[in-house]
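Read the structure below first, then the notes.
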Amino acid sequence: MTALSAARIFFHGLLWCCAVVLMALTAYRIHYTKGRDSGDILTLRTHYYDPVITQLLVTSILTILGSTIVIVLIAGRMSGPKSFMGEMLYLFIVWVMFLVGGAITTHKWLHLKWCRGSYKVCRILETIKAFSWICFGLLSFLMLFAVADYFWSRHKKGGSAYGGSTYPEARTVTAAPATYTAPAPATQQPPTTHTTETTYTEVRATNAPVTATA
């Protein structure tokens, strides 16, 4: 596992923790506004909910689920190019959702310093704003780290979080069996035949009777 992969796991874990806190805060805010029988310091409305708070609640739940899956994939070295595209799509979607949610909450409850020291409802809204922007910043870092890790892995023979091992590739070289070529047998020359030619003169000399000389 490379340093970029370890950094991504760390930031995904930090994002997961921040999303859990934000989920708890937004759930508390919805429960508070839906159960109000009378107005509070900020409004006279009763039994209502803020749509942007619901949007942040849904976004935080999606972030918790998505970051859990990504951490498992990176730690288990089970991700690949398709997983990278899926992670980038997930990060971009929640990045946009946190950007919209944080911008709306900041614009709607921009000046709460005057009441946050004495009223819990103001402190809750201030904390919701803060964690919305914290999650947005973490997602920005995670997209940069994911792109850097992907291209770094492509330029390595091993690879890190997207398919491939960080260890050098083990290759088994099978030695080809040695072949023994027997020398070609020497060409045997046919035995030399001696042909004895017997001439007619030699035959007559052999068969001629021996005459005695007186």
Side-chain angles (χ1 to χ4, degrees), residues 4-74 83-151:
L4 286 172
S5 299
R8 289 171 58 217
I9 291 177
F10 171 77
F11 279 104
H12 269 291
L14 188 58
L15 176 64
W16 187 92
C17 295
C18 293
V20 169
V21 174
L22 184 60
M23 180 185 66
L25 292 171
T26 51
Y28 174 83
R29 172 67 183 176
I30 293 174
H31 176 75
Y32 170 81
T33 56
K34 291 294 288 183
R36 292 293 298 177
D37 295 326
S38 60
D40 59 12
I41 189 64
L42 298 176
T43 181
L44 297 177
R45 299 169 62 187
T46 59
H47 300 288
Y48 71 99
Y49 67 92
D50 300 299
V52 66
I53 299 298
T54 305
Q55 186 256 4
L56 286 174
L57 174 63
V58 173
T59 306
S60 60
I61 294 174
L62 292 176
T63 304
I64 292 170
L65 296 175
S67 291
T68 302
I69 295 173
V70 173
I71 289 173
V72 170
L73 289 176
I74 298 176
S83 300
F84 167 75
M85 296 304 297
E87 180 186 357
M88 289 301 298
L89 180 62
Y90 146 70
L91 290 175
F92 179 75
I93 290 174
V94 294
W95 182 83
V96 172
M97 294 177 71
F98 273 118
L99 175 62
V100 173
I104 294 175
T105 52
T106 302
H107 176 74
K108 187 173 182 177
W109 297 289
L110 182 60
H111 303 291
L112 293 178
K113 292 182 180 180
W114 62 274
C115 67
R116 69 185 181 187
S118 303
Y119 295 94
K120 183 178 180 180
V121 60
C122 296
R123 292 194 295 269
I124 292 294
L125 289 174
E126 287 279 79
T127 310
I128 289 175
K129 287 192 299 182
F131 273 92
S132 299
W133 289 115
I134 289 173
C135 291
F136 173 78
L138 290 174
L139 286 164
S140 302
F141 280 112
L142 279 170
M143 285 192 288
L144 293 176
F145 283 140
V147 172
D149 192 18
Y150 176 74
F151 284 104

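Owing to the predicted nature of the structure, the values given are computational and were not obtained by experimental measurement.
Residue Gly39 comes nearest to Thr46 through the heavy atom pair N-CG2, 4.0 Å, listed as atom of the first residue, atom of the second, then distance. Heavy-atom minimum distance, Ser67 versus Leu15: OG-CD2, 3.5 Å. Between Ala146 and Glu87 the shortest heavy-atom distance is CB-OE2, 4.1 Å.
Among Thr54, Asp50, Thr127, the one residue that satisfies the side chain to side chain donor-acceptor pair (under 3.5 Å) test with Arg29 is Asp50. Just one residue in the list Ile69, Asp149, Ile9 forms a side-chain contact (heavy atoms from CB on, under 4.5 Å) with Ile74, and that residue is Ile9.
Salt bridge present: Glu126 and Lys129 bring a charged side-chain N and a carboxylate O closer than 4.0 Å.
With sequence neighbours left out, Arg36 forms a side chain to side chain contact (heavy atoms under 4.5 Å, CB included) with Tyr32, Ser38, Asp40. The side chain to side chain contact (heavy atoms under 4.5 Å, CB included) check on Leu65 picks up Ile61, with sequence neighbours excluded. Residues meeting the side chain to side chain contact (heavy atoms under 4.5 Å, CB included) test with Val21, sequence neighbours left out: Leu25, Phe131.
Rounding to the nearest 0.5 angstrom, the gap separating the CG atom in Leu62 from the CE atom in Met23 is 11.5 Å. To the nearest 0.5 angstrom, Ser118 atom OG is 9.0 Å from Ile41 atom CD1. To the nearest 0.5 Å, atoms NZ (Lys120) and CG (Leu125) are separated by 12.0 Å. Residue Leu112 holds its CG atom at 12.0 Å from CD1 of Ile124, rounded to the nearest 0.5 Å. To the nearest 0.5 Å, atoms CG (Leu139) and SG (Cys18) are separated by 10.0 Å. Distance CG/Leu91 to CG/Leu138: 11.0 Å, rounded to 0.5 Å.
In this structure, Gln55 and Thr59 have side chains that are in contact, with non-hydrogen atoms separated by less than 4.5 Å. Counting only heavy atoms from C-beta outward, the side chains of Val70 and Leu142 never approach each other to under 4.5 Å. Within the 4.5 Å cutoff, side-chain heavy atoms of Ser132 are placed close to those of Leu56.
Counting only residues at least two apart or in different chains, ring pair (Phe, Tyr, Trp, His ring centres under 6.0 Å) contacts with residues 46-74 are absent. For residues 91-129, the pairs satisfying ring pair (Phe, Tyr, Trp, His ring centres under 6.0 Å) are Trp95-Phe136, with sequence neighbours left out.
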Side-chain donor/acceptor pairs under 3.5 Å, residues 99-106, sequence neighbours excluded:
from   : atom 1 : to     : atom 2 : distance (Å)
Thr105 : OG1    : Gly101 : O      : 2.9
Thr105 : OG1    : Gly102 : O      : 3.0
Thr106 : OG1    : Gly102 : O      : 2.7
Thr106 : OG1    : Trp133 : NE1    : 2.9

- Just do the side chain to side chain contact (heavy atoms under 4.5 Å, CB included) check on Val147 and Met88 with the steps written out, would you? CA-CA 8 Å; Val147 172; Met88 289 301 298; 3.9 Å; yes
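A distance-only check finds a donor-acceptor pair linking the side chain of Ser60 to the backbone of Leu57 [under 3.5 Å].
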